[in-house]
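First the proteins, then the strands, lettered A, B, ... as listed; each starts at 1.
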There are 2 protein chains.
Amino acid sequence: MSTSGRRETLSRVRVLAAAIAQADADGLESLNMRGLAHELGVVPMALYKHVANKEDLLDGMIELVVGEIEATARTGRWKQDVRARILAARRSLQRHPWSRAVLESRSAMTPAMLAYLNGLTGLFLDGGLSADLTHHVMHALGNRMWGFSQELFAATPPTDPSFNTQKDELPMRFPHLAAIARAAMHPDRPSQGGPGCDDQAEFEFALDLLLDGMETLHAQNWTSIA
Amino acid sequence: MSTSGRRETLSRVRVLAAAIAQADADGLESLNMRGLAHELGVVPMALYKHVANKEDLLDGMIELVVGEIEATARTGRWKQDVRARILAARRSLQRHPWSRAVLESRSAMTPAMLAYLNGLTGLFLDGGLSADLTHHVMHALGNRMWGFSQELFAATPPTDPSFNTQKDELPMRFPHLAAIARAAMHPDRPSQGGPGCDDQAEFEFALDLLLDGMETLHAQNWTSIA
DNA sequence: TGACATGGTGTACACGGTACACCTAGATTG
DNA sequence: CAATCTAGGTGTACCGTGTACACCATGTCA
């Protein structure tokens with residue numbers, strides 16, 4: 001809030017929290033140093049006493065968000081535990097729509113990220129998977145370990161000039177896409193969340209596909225050496 | 001080249017090609033309208049006669065790259081065909097390291113992207129998978145359909161202040177990560193490509209994991225309606 | 001021959017990150 | 001208690017980048 005308890009000395013976390021609030025409210029592109037400073041009732045350059053630069057600000061923001069991922073209870077069944085942990089991550093990151101883009105743009109690992117990774121890895125290892133398999137399996141999870149599916153589908157149809165978007169030219173030109181789009185629509189359970197697909201369901205589908213595959217490999221003592 | 005056959009009237013593709021060359025050579029962050037114009041021996045604003053704005057420039061760039069994905073021959077075995085098609089996409093996009101970031105930042109689908117998607121979808125459908133399963137399966141592939149794995153691992157360790165990166169504090173704090181890192185190292189086949197993992201191998205591992213899972217689901221007539 | 005379209009030019013502006021020198025109040029110390 | 005130090009907030013100014021806008025050159029067509 002712009003108009004309330006101003007001036008209780010800044011701090012790194014206060015800056016980060018305000019940045020997160022800003023990004024949550026108006027999107028990542030609306031986050032800039034000037035606006036953020038204003039929101040904190042302070043002059044832009046004041047921020048630089050608490051964050052090194054904007055990169056550092058972004059790093060700090062995901063650091064907080066990732067740090068909030070709840071540590072799920074362990075049942076001793078690795079597949080279930082991994083699943084729960086990843087869905088917990090999803091819950092945290094989903095609260096901050098910008099987090100995906102930021103996380104993917106970062107190249108450095110922060111402590112909180114490493115801690116999460118380490119914990120997840122531990123679930124596999126404790127479950128008896130070899131370090132070798134665990135390594136590959138973590139790669140296979142990829143960014144999905146953070147709980148987001150690879151959007152690329154929420155994409156809007158092109159506003160391309162050479163493109164007669166009008167009427168149903170698209171179904172004509174891309175019949176296969178039209179077919180699966182139709183399939184996504186009509187199943188009796190109304191797909192919640194957006195006009196097409198249930199993102200949560202899609203996410204869990206993919207996650208389970210991976211987990212089941214991993215389980216199979218584990219069961220057959222898979223190893224990377226041919 | 002700055003010093004050669006200047007002035008043969010611009011065109012959208014010439015602009016796009018120059019932009020791609022620039023991004024290939026010096027990275028995406030070095031791509032700006034002024035530099036690009038200079039490279040083409042023209043004043044910055046001239047570009048705007050051929051691209052609407054920078055967004056449009058980026059759209060055009062991936063459009064070209066995606067358009068270059070080779071259409072792989074079909075064997076009639078869907079799993080194999082999908083695999084080949086995706087690896088072809090990978091080859092194209094890998095030639096342009098910036099393409100991943102651009103592709104993920106775009107929200108609109110361009111004709112070439114739709115065409116690729118449509119083709120890939122067709123492989124599943126022609127292979128006999130239901131539209132329902134195909135739909136979910138495309139989601140599960142996610143961005144991996146473009147042939148990139150979710151990096152997040154090439155990440156450099158943190159330069160964090162509160163972080164004693166010195167010595168081997170990291171292995172102490174993150175023992176599980178250390179374990180799989182070790183596993184990635186020593187297997188006798190020296191992991192090519194980078195100091196850690198063979199990216200190509202990781203990609204194919206994950207892809208095959210998904211494809212095998214899909215095959216299993218297909219074989220048991222999976223459907224989304226519980 | 002003159003009007004128009006296509007495409008390149010020049011100028012100028014707004015926005016965003018941030019370097020740098022400064023100031024100030026509270027803590028520290030001789 | 002005065003002198004000093006220091007953490008934290010200030011003001012100004014600069015640079016890089018996208019792009020609006022008015023203009024001009026050239027070649028086509030009636």
Side-chain angles (χ1 to χ4, degrees), chain A residues 2-23 25-62 98 101-102 105-108 159 161-162, chain B residues 2-23 25-62 98 101-102 105-108 159 161-162:
Chain A
S2 247
T3 47
S4 66
R6 185 60 33 66
R7 201 39 48 78
E8 11 167 331
T9 64
L10 251 37
S11 71
R12 183 173 169 92
V13 274
R14 268 184 32 90
V15 170
L16 296 179
I20 290 175
Q22 175 64 31
D26 298 334
L28 192 57
E29 63 293 338
S30 87
L31 175 65
N32 61 69
M33 303 304 270
R34 283 169 159 83
L36 183 56
H38 182 75
E39 203 62 19
L40 288 162
V42 100
V43 87
M45 286 313 291
L47 302 177
Y48 288 82
K49 287 278 153 53
H50 303 279
V51 296
N53 48 42
K54 195 174 182 182
E55 289 287 283
D56 185 39
L57 178 73
L58 292 171
D59 281 341
M61 290 167 70
I62 37 135
W98 45 270
V102 174
S105 72
R106 245 87 286 280
S107 64
T159 350
S162 74
Chain B
S2 246
T3 47
S4 66
R6 184 61 35 67
R7 201 37 48 79
E8 11 164 335
T9 65
L10 252 37
S11 71
R12 183 172 169 94
V13 274
R14 269 186 30 93
V15 170
L16 296 179
I20 289 174
Q22 175 65 30
D26 298 333
L28 192 58
E29 62 292 339
S30 87
L31 176 65
N32 61 68
M33 303 305 268
R34 281 169 161 78
L36 182 56
H38 182 74
E39 202 62 20
L40 287 162
V42 101
V43 88
M45 287 312 291
L47 302 177
Y48 288 84
K49 287 279 154 55
H50 303 278
V51 297
N53 47 44
K54 195 174 182 181
E55 290 288 283
D56 185 39
L57 178 73
L58 293 171
D59 281 341
M61 289 167 70
I62 37 133
W98 45 269
V102 173
S105 73
R106 244 87 286 280
S107 64
T159 349
S162 74

Strictly under 3.5 Å: I want the nitrogen or oxygen pairs between protein and nucleotides 13-20 of chain D, one per line.
unit_1, atom_1, unit_2, atom_2, d
D/dG18, OP1, B/K54, NZ, 2.7
D/dG18, OP2, B/M33, N, 2.9
D/dG18, N7, B/R34, NH1, 2.6
D/dG18, O6, B/R34, NH2, 3.0
D/dT19, OP2, B/Y48, OH, 3.0
D/dT19, OP2, B/K54, N, 2.9

Contacts of type side chain to side chain donor-acceptor pair (under 3.5 Å), residue B/S105, not counting sequence neighbours: none
Any side-chain heavy-atom pair of A/V15 and A/K49 under 4.5 Å: no
Heavy-atom check, side chain of A/D59 versus side chain of A/V51, under 4.5 Å: no
A/E55 CD to A/R106 CZ distance, which is reported to the nearest 0.5 Å: 4.5 Å
side-chain contact (heavy atoms from CB on, under 4.5 Å) involving B/N32 - partner list, sequence neighbours excluded: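 Once residues adjacent in sequence are excluded, the partners of B/N32 under the side-chain contact (heavy atoms from CB on, under 4.5 Å) criterion are B/R34.
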In whole angstroms, how far is the [atom2] atom of [N] from the [atom1] atom of [X]?
{"X": "A/L36", "N": "C/dC15", "atom1": "CG", "atom2": "P", "result": "18 Å"}
{"X": "A/L58", "N": "C/dG17", "atom1": "CG", "atom2": "C1'", "result": "12 Å"}
{"X": "A/R12", "N": "D/dA7", "atom1": "CZ", "atom2": "C1'", "result": "17 Å"}
{"X": "B/L10", "N": "D/dA25", "atom1": "CG", "atom2": "C1'", "result": "16 Å"}
{"X": "A/L40", "N": "D/dG8", "atom1": "CG", "atom2": "P", "result": "15 Å"}

Residue closer to the 5' end of DNA chain D, A/K49 versus B/K49 (nearest nucleotide):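 Of the two residues, A/K49 wins.
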Distance test, side-chain N/O of A/H50 to OP1/OP2 of D/dG9, below 4.0 Å: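 Indeed, a polar side-chain atom of A/H50 lies that close.
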From CA spacing to verdict: side chain to side chain contact (heavy atoms under 4.5 Å, CB included), A/L57, A/L47: CA-CA 9 Å; A/L57 178 73; A/L47 302 177; over 6 Å; no
